[in-house]
Amino acid sequence: MAADLLRVGVKCTIKRTKVKGARAPHIRMRLMIPKDVRDRLILKEDDFAEAF
């Protein structure tokens, strides 16, 4: 499933910033999903037939 998400362009960025007085950094995660993700995720018949 992860390979399919990468193929259609779904990306995740992680930003870490140091917090003074704390050991653990502040983490911000951002999920970027393209607007046409539903069109890209459709499995075509040719791809399915080749797999089996």
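Numbering starts at 1 and runs along the sequence shown.
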Next on the checklist: A side-chain contact here means heavy atoms from C-beta on lying under 4.5 Å apart; do Pro34 and Val10 qualify?
Outcome noted: yes
Checklist entry - Hey, does Met29 have a side-chain heavy atom less than 4.5 Å from the side chain of Cys12? => result yes
Item to check | Contact check, side chains of Arg28 and Ile14, non-hydrogen atoms, under 4.5 Å | outcome: no
Checklist outcome for this item: Rounded to the nearest 0.5 angstrom, the OG1-CG distance for Thr13 and Leu31 is 8.5 Å
Checklist entry - Between NE2 of His26 and NZ of Lys15, what distance do you get to the nearest 0.5 Å? => result 9.0 Å
Next on the checklist: Testing the basics here: between Ile27 and Arg16, what is the closest heavy-atom pair and its distance to 0.1 Å?
Outcome noted: CG1-CG, 4.1 Å
Checklist entry - Roughly how far, to the nearest 0.5 Å, is the CD1 atom of Ile33 from the NZ atom of Lys11? => result 13.0 Å
Next on the checklist: Are there over 12 heavy-atom neighbours, none belonging to Met32, within less than 6.0 Å of that residue's CE?
Outcome noted: yes
Checklist entry - For Asp36, what residues pass the salt bridge (Lys or Arg N to Asp or Glu O under 4.0 Å) criterion, not counting sequence neighbours? => result Arg40
